[in-house]
Amino acid sequence: MLKVRKLKKSDWDFLPKWWEKYNQEPWLYTENFKDILPNLGFLVHNEKQPIAAMWLGLTNSNSALPTAAISDPKYRGEDRKDAISFLLSHVTNHAKELGFKYAFAWAQEGYMLDYYLKLNYEKFENPSYELIKKL
C-alpha cells in the first residue's frame, strides 16, 4: 500500500545519493541540495521502503510550484509509476488545500512530463516545458 508523508530530517541521509546516482543537474552543482529546494517536501513509500520525493514551493501569488521530483534509482517495483503519480497527485492536492488556485511546474520529456499531463496539467510548447493546472 502506497502512502505519502512529509519529509523528515532523516530522509536527507539518502536523498542526495539519489540525485548523485541520476547525475541530475542542477542539483549536483549545489553544496547542499536543501539550499535550493522549497521547505515543504513529501515522500511516497510502501511498507518496505521510500520510493520517491517531491517538493512544493509556496508563493505569495495564487500559484504553488510542484518541483524537484526524484525517485530511488534502485527501486524497480511494479508500483513505481503508480507511486510517482500518487505523489504528484498528493502534492497538487495539497496546494489546492492550502488555497492556491494554480499549480505551475516545469518538466522534461521522458522524466516527469507524462505524469503532469495525466493529471490534466496543460503543456505549452517551448524548449523547456511549463505546465499549469487550475486548482
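- Between Pro38 and Leu58 the shortest side-chain heavy-atom distance does not fall below 4.5 Å.
- For Leu37 against Ala68, the heavy-atom pair with the smallest separation is CD2-CB, 3.4 Å.
- Residues satisfying the side chain to side chain donor-acceptor pair (under 3.5 Å) criterion with Asn62, sequence neighbours excluded, are absent altogether.
- Residues Leu15 and Ala53 approach most closely at CD2-CB, 3.9 Å, considering heavy atoms.
- For residues 80-101, the set of pairs meeting the ring pair (Phe, Tyr, Trp, His ring centres under 6.0 Å) definition, not counting sequence neighbours, comprises Phe42-His90, Phe42-His94.
- The side chain to side chain contact (heavy atoms under 4.5 Å, CB included) check on Leu65 picks up Thr59, Phe104, Trp106, with sequence neighbours excluded.
- The two atoms that bring Pro66 and Val91 nearest to each other are CB-CG1, 3.9 Å, heavy atoms only.
- Scanning for side chain to side chain contact (heavy atoms under 4.5 Å, CB included) contacts around Lys48 gives Asn46, with sequence neighbours left out.
- Applying the side chain to side chain contact (heavy atoms under 4.5 Å, CB included) test to Asp82 and every residue at least two apart in sequence or in another chain returns Leu2.
- Atom CG of Asp13 has more than 12 neighbouring heavy atoms from other residues, nucleotides or ligands inside a 6.0 Å radius.
- Taking CD1 of Ile70 as the reference point, atom CG of Leu43 lies at 12.0 Å (rounded to 0.5 Å).
- Side-chain contact between Tyr22 and Ser71: present, with at least one pair of heavy atoms (C-beta onward) separated by less than 4.5 Å.
- Applying the ring pair (Phe, Tyr, Trp, His ring centres under 6.0 Å) rule to His45 yields no partners; only residues at least two apart in sequence or on another chain are considered.
- Note that OG1 of Thr67 is 12.0 Å distant from CG of Leu40, once rounded to the nearest 0.5 Å.
- Leu135 places a side-chain heavy atom less than 4.5 Å from the side chain of Thr92.
- Here the straight-line distance linking atom CD1 of Ile84 with atom NZ of Lys118 works out to 10.5 Å at 0.5 Å rounding.
- Legend: side-chain hydrogen bond (donor to acceptor under 3.5 Å, both in side chains) pairs involving residues 3-12, not counting sequence neighbours, sorted by first then second residue: Arg5-Asp11.
- The OH atom of Tyr115 lies 11.0 Å from the CE atom of Met54; values are rounded to the nearest 0.5 Å.
- Residues passing the ring pair (Phe, Tyr, Trp, His ring centres under 6.0 Å) test with Phe14, sequence neighbours excluded: Trp18.
- Among residues two or more places apart in sequence or in another chain, the side chain to side chain donor-acceptor pair (under 3.5 Å) test is passed with Ser85 by none.
- When side chains are defined from C-beta on, Ile51 does not count as touching Asp72, because their heavy atoms never get closer than 4.5 Å.
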